Amino acid sequence: MKILVLNSGSSSIKYKLFDIYNSSFDVLAEGMVDRLGQEGSVLKYDRRVEDNIISEKLEREIKDHRDGLKQISDLLIDPKIGVLESSEDLNAIGHRIVHGGEKFSGQMVIDQEVKNQIKSLFDLAPLHNPPNYTGIEVCEEVFPGIPQVGVFDTAFHQTIPEVAYRYAIPESWYTDHHIRAYGFHGTSHRYVTEKAREFLGNANSKKIITLHLGNGASMAAIKDGQCVDTSMGFSPLAGLIMGTRSGDLDPSVPIYMINNHNLSAGEVDKILNKESGLYGIGGDSDMRDLEQRMKKGDKSASLAINMYTYRIKQYIGNFTAIMNGLDTLVFTAGVGENSDFIRKEICRNLDYFGIELDKNLNSNRSEMVRKINSENSKINILIVPTNEELAIAQRTYDVLER
Ligand SMILES: Nc1ncnc2c1ncn2[C@@H]1O[C@H](COP(=O)(O)OP(=O)(O)O)[C@@H](O)[C@H]1O
Ligand SMILES: CC(=O)OP(=O)(O)O
Ligand SMILES: [Mg+2]
């Protein structure tokens with residue numbers, strides 16, 4: 001059985017094509033579009049030919065998510081370098097869907113009702129639901145008749161208790177308008193939790209904090225394998241400071257800017273989602289660029305990074321308190337997996353909590369699940385590479401088998 005997975009993030013499109021045989025998920029092709037919509041956008045395409053991986057980096061102008069998704073789909077069925085014989089040589093497509101509201105979480109076959117719901121939530125996840133929807137439309141054109149499954153980012157957060165997911169606003173806002181915290185990146189938080197618990201054993205991983213630090217970033221508190229709280233809320237704008245998103249903010253700030261500084265609600269929305277966060281403070285949204293500038297003494301890059309790690313420390317304290325303890329910290333996603341510098345800044349001066357990194361282990365590079373805490377550390381500190389695409393393929397397979 002062949003399943004194509006599409007993961008449209010805010011700054012990238014990632015894709016993987018799996019061949020499933022005897023419950024093993026083999027990758028036939030994978031890649032991503034990086035720096036989407038910017039100059040120098042690149043489409044990466046790795047394909048398996050017998051036992052070899054052939055990598056291509058196709059430098060082309062990729063205007064937007066639609067363009068990127070179309071180019072990926074066309075590449076997969078290309079007569080020369082494609083890995084599919086035709087558009088019928090595919091059993092299903094699994095999509096990462098960020099927001100399903102109160103109506104949909106978990107995973108399900110995408111029908112008109114699911115599509116309508118995704119569309120009705122464009123305003124709540126403006127960087128994600130529109131490209132998720134576009135992905136479905138492009139696949140309907142390129143792979144007509146192939147079943148499509150949506151795997152919602154909110155699923156893993158369904159175990160969060162009411163005391164944590166409700167906001168202190170009039171009850172009717174919740175009952176009539178479904179205003180509550182949903183949480184996102186759930187597929188990733190779940191995947192790295194399972195890997196961490198396999199690695200450490202369940203007895204040593206009863207109280208975990210997962211840190212998904214990518215362009216979008218969120219943390220989750222996980223007790224006995226179940227999510228009990230998370231930093232994102234009603235939308236993926238809440239919580240940590242992100243590439244271009246503000247994260248937590250006094251709720252009067254947008255109202256004040258609208259009432260006093262001649263901005264429309266739409267402009268404020270755009271600024272908080274696309275022009276704030278690391279970019280708003282430091283002028284760059286990409287952590288690699290900011291780190292380079294900070295190391296050269298750049299003040300605004302330093303401030304952006306210091307605010308970013310300060311906010312993460314606040315949430316470590318918050319989640320340790322609500323779980324009444326902590327035994328494991330898990331780093332994942334682009335920044336969490338790759339930046340020893342940011343991990344070091346986050347763990348600095350947390351010895352009160354028993355958090356202590358090992359300098360050498362922290363700077364070793366590897367694709368494996370690994371421990372990076374010192375021998376004296378009371379807390380396990382792990383790097384667990386996330387694999388949202390594999391988790392989505394597994395969920396898609398489950399839906400089809402049912
Ligand atoms: N070696 C690295 N050092 C620091 N940051 C990195 C490194 N590699 C990737 N990143 C950062 O990871 C982020 C992208 O993470 P990713 O999880 O792919 O994001 P998303 O899925 O939200 O598009 C970018 O900010 C990028 O700068
Ligand atoms: C929900 C979210 O922020 O996703 P991403 O990190 O892919 O932008
Ligand atoms: Mg992502």
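Atoms within a ligand are numbered from 1 in the order they appear, just like the ligands themselves. A quick note: this is a predicted structure, and the numbers were derived from the prediction, not measured.
The closest protein non-hydrogen atom to atom 25 (O) of ligand 1 is M287 N, 3.4 Å. Protein heavy atom nearest atom 3 (O) of ligand 2, with residue, atom name and distance: R245 NH1, 2.8 Å. Annotation: atom 17 (O) of ligand 1 to nearest protein heavy atom, G334 N, 3.1 Å. Annotation: atom 5 (P) of ligand 2 to nearest protein heavy atom, H128 NE2, 3.3 Å. Distance from atom 27 (O) of ligand 1 to its nearest protein heavy atom, with residue and atom name: D286 OD1, 2.4 Å. When only non-hydrogen protein atoms are considered, atom 7 (O) of ligand 2 lies nearest to R96 NH1, 2.9 Å. Of all protein heavy atoms, the one lying nearest to atom 16 (P) of ligand 1 is K14 NZ, 3.6 Å. For atom 11 (C) of ligand 1, the nearest protein heavy atom (residue, atom name, distance) is V335 CG2, 3.6 Å. For atom 6 (C) of ligand 1, the nearest protein heavy atom (residue, atom name, distance) is R288 CG, 3.6 Å. Closest to atom 1 (N) of ligand 1, if we only count protein heavy atoms, is N338 CB, 3.4 Å. Taking atom 6 (O) of ligand 2 as the reference point, the nearest protein heavy-atom neighbour is H185 NE2, 2.8 Å.
For a threshold of 3.5 Å applied to N or O pairs, the pair formed by R365 and ligand 1 contains no separation below that value. Checked by distance only, ligand 1 and G214 stay at 3.5 Å or farther apart across all their nitrogen or oxygen atoms. Distances between N or O atoms of S339 and those of ligand 1 include no value under 3.5 Å.
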Discussion item. Run the ring pair (Phe, Tyr, Trp, His ring centres under 6.0 Å) test on Y167 and F234 for me, step by step, so that the C-alpha distance in whole Å, both residues' side-chain angles and the decisive distance to 0.1 Å come before the verdict.
Written reply: CA-CA 9 Å; Y167 293 117; F234 181 52; 7.1 Å; no
Fill in: Verdict with reasoning, Y256 to H261, per ring pair (Phe, Tyr, Trp, His ring centres under 6.0 Å)
CA-CA 8 Å; Y256 174 84; H261 292 284; 5.4 Å; yes
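Checked for salt-bridge contact, E56 and R47 meet the test: a charged N lies under 4.0 Å from a carboxylate O. Between D74 and K70, at least one side-chain N (NZ, or NE/NH1/NH2) sits under 4.0 Å from a carboxylate O, which counts as a salt bridge. Comment: R288 engages D286 in a salt bridge, judged by a side-chain N to carboxylate O separation of less than 4.0 angstrom. Checked for salt-bridge contact, R66 and E137 meet the test: a charged N lies under 4.0 Å from a carboxylate O. A salt bridge does not link K270 to E267: none of the charged side-chain nitrogens sits closer than 4.0 Å to a carboxylate oxygen. The pair D89-K2 counts as a salt bridge, with a side-chain nitrogen and a carboxylate oxygen less than 4.0 angstrom apart.
Of all the listed residues (T386, L36, N215), N215 holds the heavy atom that lies closest to atom 19 (O) of ligand 1.
Within ligand 2, the atoms closer than 4.0 Å to a non-hydrogen atom of D153 are 1 (C), numbered from 1 in the order shown. Atoms of ligand 2 found under 4.0 Å from any heavy atom of M232 (numbered from 1 in listed order, with element): 3 (O). Interface of E291 with ligand 1, defined as ligand atoms under 4.0 Å from a residue heavy atom, comprises 4 (C). Counting atoms of ligand 2 from 1 in the listed order, those under 4.0 Å from a heavy atom of G216 are 3 (O), 6 (O), 8 (O). Counting the atoms of ligand 1 from 1 in the order shown, those under 4.0 Å from a heavy atom of A333 are 17 (O).
The backbone N or O of R245 lies less than 3.5 Å from no partner atom in the side chain of N273, so there is not a single donor-acceptor pair.
At least one side-chain heavy atom of I346 sits under 4.5 Å from a side-chain heavy atom of L213.
With 3.5 Å as the limit, one finds a donor-acceptor pair spanning the side chains of S300 and R293. Counted by atom type alone, D248 and Y315 present one or more donor-acceptor pairs between their side chains at under 3.5 Å. In this model, a donor atom of one side chain and an acceptor atom of the other lie less than 3.5 Å apart for N387 and K16.
Residue G216 places a heavy atom less than 4.0 Å from ligand 1.
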